[in-house]
Amino acid sequence: MNIFQSNKHFVFSLITISMMYTFTTQAYAQTNATNISVNPEAEIKARGNRHLEGHDDGHDDDSDEHHHDETETILVTSTRIGRSINSEPIRIEVINREELEEKAIMRPGNISMLVAETGGVRVQTTSPALGSANIRLQGLYGRYTQLLSDGLPLFGGQASSIGLLQIPPTDLSRVEIIKGSASSLYGGSAMGGVINLISRKPSREAQGEVLLNATSQDGQDITSYLATPLNDSVGMSFTAGAHQQSNKDLDDDGWIDMAGYERYTARPRLFWDGENGASIYATAGFMTENRKGGTRARQTLPDGSTFVHNQDSERFDAGLIANTPLGDVLSLNLRASAMLQNHDKRFGDVLDDDSHESYLLESSLAGYTQNVQWVLGVAMQSDRFESQDFPSFDYSYDVPGIFAQADYELNERISASLSGRFDDHSEFGAQFSPRISMLYRPDDWTIRASYGRGYFAPSPFVEAIEAAGLSRLEPLSNIEEETAVTSSIDIGYQLDKLETNLTFFTSSVEGVTQLEAFSSQIGGPLDRVRLNNAPGESRIYGSELLLRYKWQDYKLTASYLYLDATEFNGSSETRQRVELTPQHSAGFVAMKEQHGKFRIGFEAYYTGIQRLEGNPYRAESKPYWHLGLMGEITTGQFSWFINMENLLNIRQTKEDPLVLPNRAPDGQWTTDIWSRNDGFIVNGGVRVRF
């Protein structure tokens with residue numbers, strides 16, 4: 001991009017300034033303690049457990065969060081009504097700050113590692129050429145997952161696959177995950193669920209950290225975080241990062257297996273808390289990246305051609321959340337966000353440049369009575385796409401909507417949550433998305449049941465088109481919305497230090513958009529694709545088991561996921577397994593930690609057999625194990641860490657070539673990624689806290 005170099009130096013300068021400023025604020029922190037950080041439980045008691053919707057700090061005081069049970073105190077904000085996680089009828093999984101720190105040293109450059117090792121969550125590589133990936137919740141396609149930052153769609157209404165790899169975890173307080181349709185809460189982009197990234201909030205003292213990391217595959221990361229109170233009511237934080245990866249051809253076949261990239265990010269945040277309970281949260285973000293894949297220099301494909309696959313990205317975003325109380329039992333909430341993203345892509349000789357814009361404007365009123373908490377709001381969402389090279393795919397979606405939610409506590413053991421949203425989509429018409437959830441807590445048991453309906457507004461960017469570009473896709477026509485019905489029963493039991501949870505879930509999706517190959521010439525080869533709504537429905541039945549055990553300095557976690565995911569095959573009039581969806585997967589993590597001294601951990605993850613489509617080398621994948629070891633030693637302000645991933649050196653190209661013998665109809669030159677493709681890798685570095 002023509003402004004990439006100037007932006008690169010600008011962001012690098014910000015990183016340097018923030019590192020220097022972190023050192024100078026240490027003395028200031030000792031004399032300027034404030035009350036910006038609040039305790040969620042104390043806030044609930046003080047306000048009678050009423051809802052003040054907006055930004056919640058979670059556990060931002062790092063000195064305290066390791067000494068308390070996160071599940072006992074955390075106030076989740078991904079539902080419209082902020083409640084303690086234990087009293088929330090909707091099942092929400094939380095990755096707390098302690099776990100974030102563990103995962104951040106494994107992969108400081110992006111958040112993929114944070115969610116990939118959560119039960120029921122699968123990070124699926126969508127582009128073997130660029131390494132991009134999306135998040136699949138309980139077997140549903142990744143395009144149905146809404147990625148939020150503090151409840152705002154700062155990465156777009158339908159975050160592209162590459163966006164997951166461009167978000168550093170440095171300034172996160174926790175991650176909240178809702179599985180199953182959340183369209184009643186967030187509209188059509190959340191049909192499969194929500195991943196909400198909650199940022200850290202300045203505490204009473206100035207804080208800062210710098211993390212330096214390097215990998216055995218010639219990758220480097222530097223991230224910095226600064227948070228400081230400005231006065232008794234205003235605080236700010238600033239995060240910046242620089243990340244680099246050299247491209248790697250691990251099997252020496254001329255095709256780059258690990259895409260090279262150079263990325264710079266910066267994000268300031270501002271927090272204001274008024275004496276009367278009013279608050280304002282504002283943020284802005286900037287990201288620029290050059291990513292390179294395809295064939296190596298002077299290397300060719302089976303047809304003798306070269307294929308350069310590059311993508312340059314720039315993203316600017318801004319968000320605002322404002323709360324103000326209206327009397328003792330009412331509060332007004334305003335939310336707004338804007339995202340502007342530009343891509344310059346190259347697929348061989350084809351250029352595919354585009355711009356994407358996403359906007360949100362929302363207002364809601366919340367209140368409570370003795371047994372009921374409620375929210376009523378209106379929203380306007382806009383999603384716009386413009387292609388410079390293929391204008392027939394331009395679209396503009398405007399979606400005004402109204403939503404409501406009510407949580408009712410029948411007694412101390414039984415509560416329910418009912419939410420609904422009505423959207424008037426400019427392209428797909430009226431859409432109604434309801435959800436009902438129930439909670440029953442007898443003694444040490446926790447039983448939840450949930451049912452929801454949702455919709456998804458299709459765009460050209462299914463997974464294959466994200467990877468192959470628009471050049472071989474026919475202009476869309478007669479495409480209808482995709483709809484889903486999801487339900488689940490969740491049973492949890494606490495026995496002393498053992499936490500158990502068993503979930504049974506189902507999903508039924510109609511109108512799934514899929515690609516159909518055809519020939520542009522009569523009797524010619526298949527060289528074009530069109531997007532259609534699939535006949536029949538996709539059905540997913542599954543169960544998820546989670547076990548956690550804590551004893552002294554030890555923490556053990558085990559998980560198992562079973563998925564029976566099938567779809568209708570119109571050619572054979574039979575049902576078949578959904579591709580790239582393992583029926584069995586499991587994980588085990590063992591960690592020993594003494595806070596402020598050391599941590600050492602071992603992890604093992606199993607991925608079962610997957611059905612493959614369009615792969616000339618095999619119809620089913622092989623099962624495989626992923627093993628890892630990590631260790632960290634803390635001495636004063638310095639934490640030295642080392643992490644070893646993929647100890648068994650699993651790599652898909654050891655089994656079969658990644659490159660296809662002939663180019664696929666959609667334009668891709670590679671098979672899908674069904675295994676790991678990076679082999680054994682070691683990373684290590686230091687985290688410096690102030």
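Here, residue 1 is the first one in the sequence, and each next residue gets the next number.
Aromatic ring centres of Tyr395 and Phe393: separated by at least 6.0 Å. For an aromatic pair to be called close, the ring centres must be under 6.0 Å apart, and Phe432 with Phe422 fails this.
A salt bridge does not link Arg174 to Glu93: none of the charged nitrogens lies less than 4.0 Å from a carboxylate oxygen. With respect to Glu579 and Arg577, no salt bridge is recorded, no charged nitrogen being found less than 4.0 Å from a carboxylate O. Ion pairing of Arg384 with Asp398 is present here, as a side-chain N (NZ or NE/NH1/NH2) and a carboxylate O approach within less than 4.0 Å. The pair Glu544-Lys179 meets the salt-bridge criterion, with a side-chain N (NZ, NE, NH1 or NH2) lying under 4.0 Å from an Asp/Glu carboxylate O. Arg472 and Asp666 are not joined by a salt bridge, as no carboxylate oxygen comes within less than 4.0 angstrom of a charged side-chain nitrogen. A salt bridge links Arg269 and Asp150; the closest N-O separation between the charged side-chain nitrogens and carboxylate oxygens is under 4.0 Å. Using a cutoff of 4.0 Å between basic side-chain nitrogens and carboxylate oxygens, Arg611 and Glu567 are scored as salt-bridged.
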Practice task
Starting from the C-alpha separation in whole Å, work towards a yes-or-no answer on ring pair (Phe, Tyr, Trp, His ring centres under 6.0 Å) for Tyr261 and His243.
Solution key: CA-CA 8 Å; Tyr261 59 79; His243 313 272; 7.7 Å; no
Problem - Candidate pair His425 and Tyr455, rule side-chain contact (heavy atoms from CB on, under 4.5 Å), full reasoning - result: CA-CA 11 Å; His425 199 283; Tyr455 77 99; 4.2 Å; yes
Exercise for the section: Verify side-chain contact (heavy atoms from CB on, under 4.5 Å) between Leu563 and Val578, making sure each step is shown before the conclusion. Expected result: CA-CA 10 Å; Leu563 280 175; Val578 176; over 6 Å; no
Exercise for the section: Determine, stepwise, if the pair Ser433 / Ser184 fulfils side chain to side chain donor-acceptor pair (under 3.5 Å). Expected result: CA-CA 5 Å; Ser433 305; Ser184 66; over 6 Å; no
Problem - Test log, rule side chain to side chain donor-acceptor pair (under 3.5 Å), inputs Ser417 and Gln405 - result: CA-CA 7 Å; Ser417 177; Gln405 181 178 347; 3.2 Å; yes
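Between the side chain of Ser459 and the backbone N or O of Phe461, at least one donor-acceptor pair lies under 3.5 Å. Distance alone, capped at 3.5 Å, is enough to place a donor-acceptor pair between the Asp527 side chain and the Ser520 backbone. Between the Arg291 side chain and the Leu130 main chain, a donor and an acceptor come within less than 3.5 Å of each other. Listed for the Asp352 side chain is a donor-acceptor partner under 3.5 Å among the backbone atoms of Leu470. Under the 3.5 Å distance criterion, the side-chain polar atoms of Thr145 are matched with a main-chain donor or acceptor of Ile135. Remark: side-chain polar atoms of Glu466 are not paired, donor with acceptor, to backbone N or O of Ser127 under 3.5 angstrom. Side chain of Ser364 to backbone of Leu376: no donor-acceptor contact under 3.5 angstrom is found. Although no hydrogens or angles enter the test, the distance criterion places a donor-acceptor pair under 3.5 Å between the side chain of Arg200 and the main chain of Thr170. The closest donor-acceptor contact from the side chain of Gln514 to the backbone of Asn532 lies at 3.5 Å or more, if one exists at all. The backbone N or O of Gly511 sits less than 3.5 Å from a side-chain atom of Asn533, completing a donor-acceptor pair.
Partner of Lys345 under the salt bridge (charged side-chain N to carboxylate O under 4.0 Å, His left out) criterion, chosen from Asp312, Asp354, Asp389, Asp353: Asp354.
At least one side-chain heavy atom of Leu515 sits under 4.5 Å from a side-chain heavy atom of Val462. Val194 has its side chain within reach of Tyr186: a pair of non-hydrogen atoms, C-beta onward, lies under 4.5 Å apart.
Atom CD of Glu474 has more than 12 heavy atoms from other residues, nucleotides or ligands within 6.0 Å. In this structure, Arg453 places its CZ atom where only 12 or fewer heavy-atom neighbours from other residues, nucleotides or ligands lie under 6.0 Å away.
The salt bridge (Lys or Arg N to Asp or Glu O under 4.0 Å) analysis of residues 416-430, with sequence neighbours excluded, yields the pairs Arg421-Asp423.
Not counting sequence neighbours, the partners of Ser508 by the side chain to side chain donor-acceptor pair (under 3.5 Å) test are Glu537.
No donor-acceptor contact under 3.5 angstrom links the side chains of Asn134 and Thr126, judged on distance only.
A cation-pi contact, defined as under 6.0 Å to the ring centre and within 45° of the axis, links Arg530 to Phe518.
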